[in-house]
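See below for the structure under consideration.
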Amino acid sequence: MNILITGAGRGLGLELAAAALERGHAVIAGVRDLTRGQAALADLAAVHGDKLTLVTLDVTDEAGIAALAASLTEQARTLGVIINNAAVLNATDTPLEELDMEEMQRAMDINLYGPMRVVKHLLPLLTGPDASIINISSEAGSITNAYPGSYPYTISKTALNMFTQKLHVTLKDRGIHVLSVHPGWMPTDMGGAKAPLHPRTSAEGILDLIGQRAEPSGHFRFVDYTGRDMEI
């Protein structure tokens, strides 16, 4: 199937692209900066050739996303999976009294509105028989397990979980599988060097969830990369 991945130039997004290609899927790798993305994805392109398509995809640029959708439509290229992976972690140690609300707006723009823009314009292309939308969330978005600080990231991920739930309710009769996935704590630019989980392990688990169309045992569409239900 064709799998579109946002934020595919590094970290989990890059590992998702690599793992999907190794499983025989075609990948449309969205990167905000095409020059930087080409460097990161060059080795994959050398191995997998035209199975990998590199595209400019800035999740804050709605016109650009609409243009990408139009281009894929002209190519008669449909999608089997959309993975909304692009995200920002900012102002983590800033107390509320000192929080610049532009940082809050930035997190919402990328972490919530970004996936909303992507789905808004690419949903008509999601026509595969086992179609899925995977929103990469975080345990930080759990209201039950709320902790101090990190207002932009945690609140934007909580909102992303709500978006996932609404998509599920809206699209379930069309057979589109929708999940929010906590990918685990990984040593990426976002996770830091001390994180214990290798991004490839998380990527393989997420692809397993897609392939198996894993259903949460509870009411909410929020699981970790192994399929375990997360507290909402």
Side-chain angles (χ1 to χ4, degrees), residues 1-8 10-25 27 29 44 79-87 89 111-112 115 118-119 126 128-147 150 153-154 156-169 171-172 175-232:
M1 64 177 71
N2 291 322
I3 301 178
L4 182 137
I5 304 169
T6 71
R10 60 182 181 175
L12 177 61
L14 184 60
E15 294 292 346
L16 282 164
L21 287 165
E22 289 176 7
R23 294 187 185 204
H25 300 298
V27 171
L44 291 182
L79 300 175
V81 181
I82 295 170
I83 302 179
N84 284 307
N85 168 71
L89 174 65
N111 297 352
L112 173 63
V118 169
V119 175
L126 195 65
D130 295 318
S132 296
I133 297 171
I134 304 297
N135 293 325
I136 302 302
S137 185
S138 171
E139 62 184 355
S142 168
I143 296 173
T144 302
N145 297 314
Y147 55 85
S150 197
Y153 185 73
T154 59
S156 62
K157 289 299 188 180
T158 301
L160 180 64
N161 290 342
M162 179 61 167
F163 176 52
T164 296
Q165 200 70 22
K166 291 182 73 66
L167 280 178
H168 167 65
V169 172
L171 301 175
K172 61 182 179 180
I176 296 177
H177 182 235
V178 186
L179 289 175
S180 269
V181 178
H182 166 55
W185 185 23
M186 301 167 291
T188 59
D189 290 348
M190 188 176 292
K194 295 181 179 179
L197 179 67
H198 195 284
R200 176 55 70 93
T201 303
S202 178
E204 295 286 0
I206 292 166
L207 291 174
D208 287 344
L209 294 179
I210 295 170
Q212 299 162 5
R213 295 178 66 81
E215 292 292 329
S217 59
H219 177 71
F220 298 109
R221 312 296 297 178
F222 186 26
V223 299
D224 72 5
Y225 70 97
T226 71
R228 179 180 63 90
D229 283 30
M230 298 291 293
E231 289 188 304
I232 200 73

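Please read all numbers here as calculations on a predicted model, not as lab measurements. If you read the sequence from its start, that first residue is 1, and numbering goes on from there.
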### Task
Show your working on side-chain contact (heavy atoms from CB on, under 4.5 Å) between V223 and L209 and close with a plain yes or no.
CA-CA 10 Å; V223 299; L209 294 179; 4.1 Å; yes
#### Entry: side-chain hydrogen bond (donor to acceptor under 3.5 Å, both in side chains) partners of S137, counting only residues at least two apart
N161
### Message
To check you understand the geometry: which heavy-atom pair defines the closest contact between A140 and Y147, and what is its length?
### Response
CB-OH, 3.2 Å
### Message
How long is the straight-line distance from CG of L14 back to CG of L44, given to the nearest 0.5 Å?
### Response
6.0 Å
### Query
Closest heavy-atom contact between I136 and P183?
CG2-CG, 3.8 Å
### Under-4.0 Å salt bridge between D208 and R23
yes
### Query
Looking at side-chain heavy atoms only, is the closest gap between L4 and I83 below 4.5 Å?
no
### Message
Could you go through R200 and E22, starting from their C-alpha distance and side-chain angles, then the distance that decides it, and tell me whether this counts as salt bridge (charged side-chain N to carboxylate O under 4.0 Å, His left out)?
### Response
CA-CA 12 Å; R200 176 55 70 93; E22 289 176 7; 3.2 Å; yes
#### Entry: Short side-chain to backbone donor-acceptor contact, T6 and N84, under 3.5 Å
no
### Test: E215 and R221 ion pair at under 4.0 Å
yes
### Summary
Separation between CE (M186) and NE2 (H198), nearest 0.5 Å, reads 10.5 Å
### Heavy-atom check, side chain of S142 versus side chain of I232, under 4.5 Å
no
### Query
Are V118 and I82 close enough that some pair of their side-chain heavy atoms sits under 4.5 Å apart?
yes
### Query
Between G141 and K157, what is the shortest heavy-atom contact and its length?
CA-CB, 3.9 Å
#### Entry: Sidechain-backbone polar pair: T158 side chain, T154 backbone, donor-acceptor under 3.5 Å
yes
### Name of the residue among D130, I133, V81 meeting side-chain contact (heavy atoms from CB on, under 4.5 Å) with I210
V81
### Query
Roughly how far apart are I206 CD1 and E15 CD, rounded to 0.5 Å?
11.0 Å
### Euclidean distance, L21 CG relative to L16 CG, rounded to 0.5 Å
10.5 Å
#### Entry: Interatomic spacing from OH in Y225 to NE2 in H182 - rounded to 0.5 Å
8.5 Å
### Message
Under a plain distance cut-off of 3.5 Å, with no hydrogens placed, do N135 and S180 share a side-chain donor-acceptor pair?
### Response
no
## Note on the structure
Distance col, row R213:CZ vs S132:OG, nearest 0.5 angstrom, shows 5.0 Å
### Message
Tell me the closest heavy-atom pair linking L112 and F163, and the distance in Å.
### Response
CD1-CB, 4.1 Å
## Note on the structure
For N85, the side-chain hydrogen bond (donor to acceptor under 3.5 Å, both in side chains) test, sequence neighbours excluded, returns none
### Query
Distance-only, no hydrogens or angles: does the H25 side chain make a donor-acceptor pair with backbone N or O of N2 under 3.5 Å?
no
### Message
List the residues meeting salt bridge (Lys or Arg N to Asp or Glu O under 4.0 Å) with R228, not counting sequence neighbours, and say none if there are none.
### Response
D224
### Message
Give me the atom names and distance for the closest heavy-atom approach of F220 to Q165.
### Response
CA-OE1, 3.6 Å
### Donor-acceptor under 3.5 Å (S150 side chain, Y153 main chain)
no
### Summary
Shortest non-hydrogen pair, L126 vs A131, comes out as CG-CB, 3.7 Å
